[in-house]
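Okay, structure first, notes after.
In what follows, chains are A, B, ... by sequence order, proteins preceding strands, each numbered from 1.
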There are 2 protein chains.
Amino acid sequence: MSRYTVKQVAALTGVSPATLRAWERRYTVVEPERTASKYRLYDDADVARLSRMAELVAGGTPASLAAEEVTRDAPLLAAAGAPGSAAVPSAQGAPPLAPLADRPADDQLVTAAQSLDPVLLDRTLDQAFAAGSFEQVVDGWLMPALTQIGVAWTEGRLDVAGEHFVSGAVHRRLAHSFEAAGGRAGAPVVVVGLPPGSFHQLAVLAFATVLRRQGMDVRYLGPDVPTDSWVRTVTQLRPDAVVVGVPTTLDVDSATEVAAALRGTTSVMLGGAAASAVDTVGASILAGSVVDSARTLSATLHGS
Amino acid sequence: MSRYTVKQVAALTGVSPATLRAWERRYTVVEPERTASKYRLYDDADVARLSRMAELVAGGTPASLAAEEVTRDAPLLAAAGAPGSAAVPSAQGAPPLAPLADRPADDQLVTAAQSLDPVLLDRTLDQAFAAGSFEQVVDGWLMPALTQIGVAWTEGRLDVAGEHFVSGAVHRRLAHSFEAAGGRAGAPVVVVGLPPGSFHQLAVLAFATVLRRQGMDVRYLGPDVPTDSWVRTVTQLRPDAVVVGVPTTLDVDSATEVAAALRGTTSVMLGGAAASAVDTVGASILAGSVVDSARTLSATLHGS
DNA sequence: CGGGGTTAGACAAAGTCTAGACAAAGCCTA
DNA sequence: TAGGCTTTGTCTAGACTTTGTCTAACCCCG
């Protein structure tokens, strides 16, 4: 974990030192540590928040509202800004996610899907995403609930239209969070997407969002990216890492093909429920939940 | 959850701050929170209402009536969707949308796609969506720009990854607007989606968003909805209208199949670039641009 | 001593507020 | 068709708020 002086933070965020101090004084948007002689010492979480605030302000949001917005997610960014100490292959050292308190009943999303009722669906999602941090909700509620949707569909209890109906709404929620997490110019670049023929993008979008919230510069390509497009993209962007999603066993072959084609170009990683079934030709597996995977990748990149 | 100042709302709705204040003063169409110093703080619901009012006014409704419509607590009387085919009258008397002033250059979206640069892409979209009302931007900039993306792709100037990259970002913008438009319990129910095998959902999502902004209770099913799911959905929801998108000529056959399967259940409409190529088995064609189509449908359902 | 950091206060530009006025456009009546 | 009333977007004037920047005086480190 690095520490930065005002001048460094000014360079990183593009905000003048005087303005940084004014933001701190007026909105308490950060409270950096101090040296014995009162010099400010910002950490990564502070920089992430100030970058986000700078971005909002540049986009036309008044500083006071931007500060409020940034401060709202405070506890989570604090956790994300302190990734594990060393290059440990798994995300040890990161605090475990607290369990969710008032999340909706496990089958409420299925009920909403069956009813095609947007009011019930919205209420369910509102309730879920209000129950904790984005990371807590994704791992603790969203992914299990989506699994239930899949089960209900295979058992014939849920029509495709109902599945589409909730998938679309969940996609919109995730999209909003992804956008809200903002870009991070200068941060490690990570390309994220799905192999050709793979369309289930909810988990990988959630993953991309968590990565963004941890300060990565995520380039999200979405579903069904042809193998040669992966190669061209990596050649063009030279990212610090590439993550290929493997949501189902049906995607194993195409993911293997993509991984093989990318071998040697950069750090290639495979994530998702079926990732472990891929023959890892020079690629690594991101094991565990969505948030675990993101933390593992984050730790790896910060260690290198 | 987000809050906005007058200036931001003006940018989001395409209505000048002075007019926004006049609407509030004269019609109490919104009553935004105030800061301690009396500054207005609009929330998402306020923005949705004002956007809708702006759209109505742009369509020729006098401001006073538009305000009444937007303010009305009592839900609209559900119009009886008479099944059967008919030539739908095109959007009556609605004046053409005002041209956009400061929209980005025509090829800027293509440039952003080629570069895979999220900053440039965000800036482009920010600039575009700040140039006028949602409807103005959709018809006047977004659809033409997406056409250019398609052209660049067919001409080999743009990789699939670049196309995915912008499509995803545009989808996220539209998703945000769709959510911000809010639900309309009690209003005429319209089911919107794409036929089986059809995946290009940007135009139909934009269409669904405009419909919502006009006060419909839209149930958006998304892409690739199987024919029997369409039938089950319509049987279950008994909507006032169903709109099947036909984005390309490749989708004509499946759209025809869906329209045939739905014949007689409710008012079935076909919209999109290739809609006119469908053999209209009891369905009507929504001609013209995205906004034109939405206005036509809206006029039909309101019976005026 | 010089370069940088710190606080506190001050300042100007930009943003917003209210209340009222005004002109173009629409509508009604004769 | 003309006159008069209403509607509605815009503008003005003066006061207040927000916000980035600047200054003065002091502190810290090599």
Exercise. Counting only N and O atoms by type, is there a donor-acceptor contact under 3.5 Å from the side chain of A/Gln8 to the main-chain atoms of A/Thr5?
Worked result: yes
Exercise. So which heavy atom on A/Pro32 is nearest to which on A/Asp46, and how close?
Worked result: CA-OD2, 3.8 Å
Exercise. Hey, which of these two, B/Leu65 or A/Ala22, hits DNA chain D nearer its 5' end, going by closest nucleotide?
Worked result: B/Leu65
List, with names and distances, any nitrogen or oxygen atoms from the protein found under 3.5 Å away from nitrogen or oxygen atoms belonging to nucleotides 7-11 of chain C.
unit_1 : atom_1 : unit_2  : atom_2 : d
C/dT7  : OP1    : A/Arg34 : NH1    : 3.4
C/dT7  : OP1    : A/Arg34 : NH2    : 3.1
C/dT7  : OP2    : A/Arg40 : NH2    : 2.1

For this session: Taking B/Thr61 for its side chain and B/Leu65 for its backbone only, find out whether a donor-acceptor pair lies under 3.5 Å.
Result: no
For this session: Give A/Thr35 one of three labels, base, sugar-phosphate or nothing, depending on what nucleic acid heavy atoms sit under 4.0 Å from its own.
Result: nothing
Problem set entry | Over-ring placement of A/Arg219 relative to B/Phe165, 6.0 Å and 45° cut-offs | no
Problem set entry | Stepwise salt bridge (Lys or Arg N to Asp or Glu O under 4.0 Å) test for B/Glu179 and A/Arg172 | CA-CA 8 Å; B/Glu179 291 297 328; A/Arg172 292 191 287 276; 2.6 Å; yes
Seminar exercise, completed: First and last nt of DNA chain D near chain B, cut-off under 4.0 Å to heavy atoms, 5' to 3', are D/dT8 to D/dT18
Problem set entry | Spacing between A/Leu20 atom CG and C/dT6 atom P, to the nearest angstrom | 10 Å
For this session: Report the residue (B/Tyr39 or B/Ala63) whose heavy-atom-nearest nucleotide on DNA chain D is the more 5′ of the two.
Result: B/Ala63
For this session: Look at the side-chain N and O atoms of B/Thr5 and state whether any lies under 4.0 Å from the OP1 or OP2 oxygen of C/dT16.
Result: yes
For this session: Could you check if a side-chain atom of B/Ser293 sits within less than 4.5 angstrom of a side-chain atom of B/Phe207, using non-hydrogen atoms only?
Result: yes
Problem set entry | Euclidean distance, B/Asp122 CG relative to B/Arg173 CZ, rounded to 0.5 Å | 5.5 Å
Exercise. If we only count heavy atoms from C-beta on, is the A/Val210 to A/Arg295 side-chain gap below 4.5 Å?
Worked result: no
Exercise. Hey, does B/Pro17 reach any base, or is it just sugar-phosphate, or nothing, if we go heavy atoms under 4.0 Å?
Worked result: nothing
